[in-house]
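Order of listing sets the numbers, starting from 1, for every ligand and every atom in it. This one's a predicted model, so the numbers in the text were calculated from it and none came from an experiment. Quick note: residue numbers are just sequence positions, from 1.
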Amino acid sequence: MPVPLFTPTDLHVHLAPEFPIHEALAAAEQRGFRLGIVEHPEKSWGIKDNTDLQEYINHLRPYPVHVGLQPIYRNWNRAFSAELLAQVDYVLMDPQTLPQPDGSFLRIWEFDTFVPDPEKFMQQYMAHCLGILENEPIDIFGWPLFLPVCIARDYYTLWTTERKQQIINAAKARNIAIEINEMARVPDEDFICMAKEHGLKFAFGTDARTKDVAGRLIYGMEVVRACGLTPEDFFTPRRSASTLA
Ligand SMILES: [Zn+2]
């Protein structure tokens with residue numbers, strides 16, 4: 001693995017029973033990166049209400065990590081008080097849970113996601129991406145430009161310059177940073193260079209749930225070099241690293 005040009009922050013790390021906070025901190029120490037932890041606000045199995053959110057924040061506050069949220073559904077923030085949300089260091093949202101006209105959701109990261117009509121899918125997907133970028137109170141757009149496996153080979157055809165520009169304009173209008181997603185290696189280098197030209201900020205994200213994956217930024221460092229990204233091009237969470245214990 002190439003030596004990073006600066007100390008990176010992985011803002012997309014999930015804790016798990018087999019990957020508790022002290023393991024995450026040990027990985028960060030060992031591999032030389034800073035940590036941002038995210039958890040999902042969600043009505044049934046995630047952070048459900050203010051009590052859960054307060055508990056989550058209190059649990060992580062003693063540690064030198066950024067405390068983030070990763071919502072999945074539109075209008076997620078209605079379940080929480082503004083005061084409590086202001087205590088969160090950043091919000092990262094991805095468009096992978098795609099609402100369907102019948103009220104169901106297409107989970108586009110699942111391998112067996114079926115896309116009968118790629119063009120129709122793209123129209124629906126673009127509307128969802130723009131809906132998030134234009135309306136949701138978020139700081140980072142996660143898994144940008146990711147496509148379901150069955151149409152991934154058409155990435156460069158489906159992601160036209162016009163569509164890329166629309167995403168960039170919408171993110172820029174609300175100062176939303178673009179995640180450089182390590183797990184799916186998205187978005188592509190051209191998009192990242194294009195976003196940099198438009199003054200967008202970036203955030204590294206591995207979507208790790210294990211110590212081997214957290215902070216492992218191989219694609220991330222590749223595009224840092226290819227697009228000439230500097231520390232100034234990266235998003236800074238509300239509570240800066242210098243105030244971390
Ligand atoms: Zn995640």
Which atom of H14 is nearest the Zn ion (ligand 1), counting N, O or S only? It is NE2
Rounded at 0.5 Å granularity, tell me how far CE in M93 sits from CD1 in I72. 8.5 Å
Can you tell me if an N/O/S atom from H12 lies under 2.8 Å from the Zn ion (ligand 1)? yes
Which atom, among the N/O/S set of D207, is closest to the Zn ion (ligand 1)? OD1
Sole candidate of V38, V67, I138, L69 that passes side chain to side chain contact (heavy atoms under 4.5 Å, CB included) when paired with Y90: V38
In terms of side-chain heavy atoms, does N50 have a donor or acceptor partner in Q54 at a distance below 3.5 Å? no
Are the aromatic rings of H40 and W76 close, with centres under 6.0 Å apart? no
